[in-house]
Amino acid sequence: MDGSGPPSTPRVVGSRGRALAVMRSGKGTNLGGPGRLSSASDDTSPLLATLANPVPQGEGEEVASAWWSPRTDIKASLHLLTSSYLNVLLVAVPLAFASEYLHWGATTVFLLNLCGLIPLALLLGEVTEDLAVRLGETIGGLLNATFGNVVELILSIAALQAGLYDVVATSLLGSILSNLLLVLGMSFFVGGLKYKIQHFNAVSSQTSGSLLLLSAIGIIIPTAAQRLGTTGDEEGAALVGLLAQGMPQDKILLLSRLTAVALLTVYIGYLIFQLGTHKDMFSEPGGEDAQPANLTLTAAGLWLAGITVVVAFLSEFLTGSIEEVSSTWGLSRSFLGFIVLPIAGNACEHITAVFVAAKDKMDLSLGVAIGSSIQIGLFAVPFVTIVGWVLGHPFSLGFDPFAALVLLLSVMHSAHMINDAESHWLEGLQLVVTYFVIATAYALSS
C-alpha cells in the first residue's frame, strides 16, 4: 500500500483520530506481531487494541494508488472493523434501525442507538485521521478540527430539529464538562498513580485555559442578560439588574447570534494560530511519526460519508425517544443531555485520554480532553446557534443559569489545575469529585 503520503499532521486539539493514531503507531507503541492481540504489556489500551498491524504490505507488492485500490481498500476496511473491541457494538446499529421502524419501544430505541453511536464515533475518528494523513498538514488539520466532534454536532442538530432546545444546550455543556472534569480528572488520577509528577506544555495549557474561559463568557453573558437584565433606572444610573427585567427574547437571540459569530471568528483565528503561525507549540513531544494512510482517498471519503449518514439517522432516532425515556425512567431531559449523552458520545475519547496519560503522554492526553472542550465551546456551540438561526429555530445562548454557573466554575477550576503545567493524582481526584457533585445535583433534580 502507499506509504509515501504527505507528512503527518500536527496534533489538532479535539482530534480523537490523532490520539488513536499515536496509540497504535509504531513509535513507542508495541502492537505485537501480525494476527495476534496485543498483550497486557503492550503500550496500548485493551479496549482500543488493534487485532493486527496496519495493513501489511508484502515484499514486492505493487504500491497502491492514492486514489483507488480495491484490494488495498478491502484489507484496510477489514482492519478498520476489527481494530477495536468496541467495534463489537456495531451489531447495535442494524438493531437500532429495526427498533425504530418496528416500534420496539422508546427505551429499546434509546439504548440501542446510544450503543451504536459509540463505535461509530471511534470509526469516524480513525477514518478522519487516515484521510488527514493523505491530505497533508493544513487540510488534514482542518479536517480533524471539523470532524473532531461531528457526532455531538449531528446529535445537537437532530435535537434542535425536534425542538428539544434544553437537550441541545445541556448535551453541549455536558460534553465540555465531561471532558474538563471527568476525562481530565481520570487522566491526572491514573497517570499520577504511576508517576509522582507529570509535566506538559505550559504555553499550550495557558492558551487553552484562556480560550475555555472565553467560551464560558460567551454563554454567561447572554444567560445573565436574559435572566438578570442590563437596563438602568429612569435616571440612567448604571444598575446591573438583580431586580431589573431581563432583556427581551428577540434581543437575546440577536445577542446570541452575534456572540456565536464572534466565537467562531476566534476559533478560526485559533486554527490559524495552531496550524500556521505557532504550530511548533502544538507539535508532538518526541516527534512521533504518524502511521501511513491505510485507505485510499476514495475509500476514506466513502467511509466518512457513510458513517456520517448513519450517525445522522441514529441521532434522529435517539432524540425522538428522549421525551418518552425521560418520563419512563423518571429522569429529567437535562440529566440525560448533561450526563448520559456526553459520556456515551465521547466514550472513545475518554478511554484514549486516560490510557495515554498512563503512558506519561500528557500533552496528547490534554489535547484530547481540553482540546475537545475548546472545539465544542468555540465551534460546536456557536455553529449550532447559527444553524438554528438559518433553520428558523429560536435557539439562543441564554442557557439555564445553574448550567451556566456550573460551566464557569468548572472552567475556572480546570484552568487553575493546568496553569502550572504539572499534574498529580490528587488534582485528578478533585476534578472527578467535582463532576460527581454536579452529576448528583442533576440526578436529584429529576
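What you see is a predicted model, and the numbers here were worked out from it, not measured in a lab. Numbers for residues simply follow the sequence, beginning at 1.
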Between Val109 and Leu318, is a side chain to side chain contact (heavy atoms under 4.5 Å, CB included) present by the stated rule, with each step listed? CA-CA 7 Å; Val109 171; Leu318 183 68; over 6 Å; no
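- Val311 places a side-chain heavy atom less than 4.5 Å from the side chain of Ser315.
- You'll find the side chain of Leu336 stays beyond 4.5 Å of the side chain of Val167, heavy atoms only.
- In this structure, the separation between CG on Leu408 and OG1 on Thr223 is 10.5 Å, given to the nearest 0.5 Å.
- Remark: Asp363 CG to Ile370 CD1 distance equals 12.0 Å, nearest 0.5 Å.
- Partners of Arg333 by salt bridge (Lys or Arg N to Asp or Glu O under 4.0 Å), not counting sequence neighbours, listed by chain and number: Asp166, Glu323.
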Residues 412-423, side-chain donor-acceptor partners within the protein, below 3.5 Å, at least two apart:
| residue | atom | partner | partner atom | Å |
| --- | --- | --- | --- | --- |
| Ser414 | OG | Ser410 | O | 3.0 |
| Ser414 | OG | Val411 | O | 3.1 |
| Asp420 | OD1 | Glu422 | N | 3.2 |

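- Contact annotation: the side chain of Ile374 approaches that of Leu212 to within less than 4.5 Å [non-hydrogen atoms, C-beta and beyond].
- With a 4.5 Å cut-off on side-chain heavy atoms, Phe189 and Leu431 do not count as touching.
- Checking side-chain atoms of Ser178 against main-chain N and O of Ser175 turns up a donor-acceptor pair under 3.5 Å.
- Atom CH2 of Trp303 is surrounded by more than 12 heavy atoms from other residues, nucleotides or ligands within 6.0 Å.
- Contact annotation: the side chain of Ser99 approaches that of Asn113 to within less than 4.5 Å [non-hydrogen atoms, C-beta and beyond].
- At a threshold of 4.5 Å between non-hydrogen side-chain atoms, the residues Val93 and Leu117 do not count as touching.
- Judged by distance alone, the side chain of Ser326 and the main-chain N or O of Ile322 form no donor-acceptor pair under 3.5 Å.
- Aromatic ring centres of Trp329 and Phe335: separated by at least 6.0 Å.
- Ring planes of Phe97 and Tyr101: parallel class, angle under 30° (limits at 30 and 60°).
- For Leu95, the side-chain contact (heavy atoms from CB on, under 4.5 Å) partners at least two apart in sequence or on another chain are Trp104, Leu112.
- No donor-acceptor distance shorter than 3.5 angstrom exists from the side chain of Ser396 to the backbone of Leu253, with no hydrogens or angles considered.
- Residue pairs meeting the salt bridge (charged side-chain N to carboxylate O under 4.0 Å, His left out) criterion with at least one partner in residues 85-114, sequence neighbours excluded, are absent.
- Aromatic ring orientation, Phe379 versus Phe383: parallel (interplanar angle below 30°, classes split at 30° and 60°).
- Closest heavy-atom contact between Ala404 and Ile220: O-CD1, 3.2 Å.
- Without hydrogens or angle criteria, Asn87 side chain to Leu80 main chain gives a donor-acceptor distance under 3.5 Å.
- Atom CD of Gln249 is surrounded by more than 12 heavy atoms from other residues, nucleotides or ligands within 6.0 Å.
- The side-chain contact (heavy atoms from CB on, under 4.5 Å) check on Val433 picks up Leu429, Val437, with sequence neighbours excluded.
- Distance CG/Leu407 to CG/Leu213: 9.5 Å, rounded to 0.5 Å.
- Taking the six-membered ring for Trp and the full ring otherwise, the centers of Phe402 and Tyr442 sit less than 6.0 Å from each other.
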What do the steps show when you test Ser365 against Ser187 for side-chain hydrogen bond (donor to acceptor under 3.5 Å, both in side chains), and what is the final call? CA-CA 7 Å; Ser365 182; Ser187 298; 3.2 Å; yes
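- Between Ala260 and Leu397 the shortest heavy-atom distance is N-CD1, 4.4 Å.
- Annotation: side chain of Leu263 is not in contact with side chain of Val381 (no heavy-atom distance under 4.5 Å).
- Under the 4.5 Å side-chain criterion, counting only non-hydrogen atoms from C-beta, Asn179 is not in contact with Leu184.
- Every pair tested for salt bridge (charged side-chain N to carboxylate O under 4.0 Å, His left out) that includes a residue from residues 383-401 fails, sequence neighbours excluded, so the list is empty.
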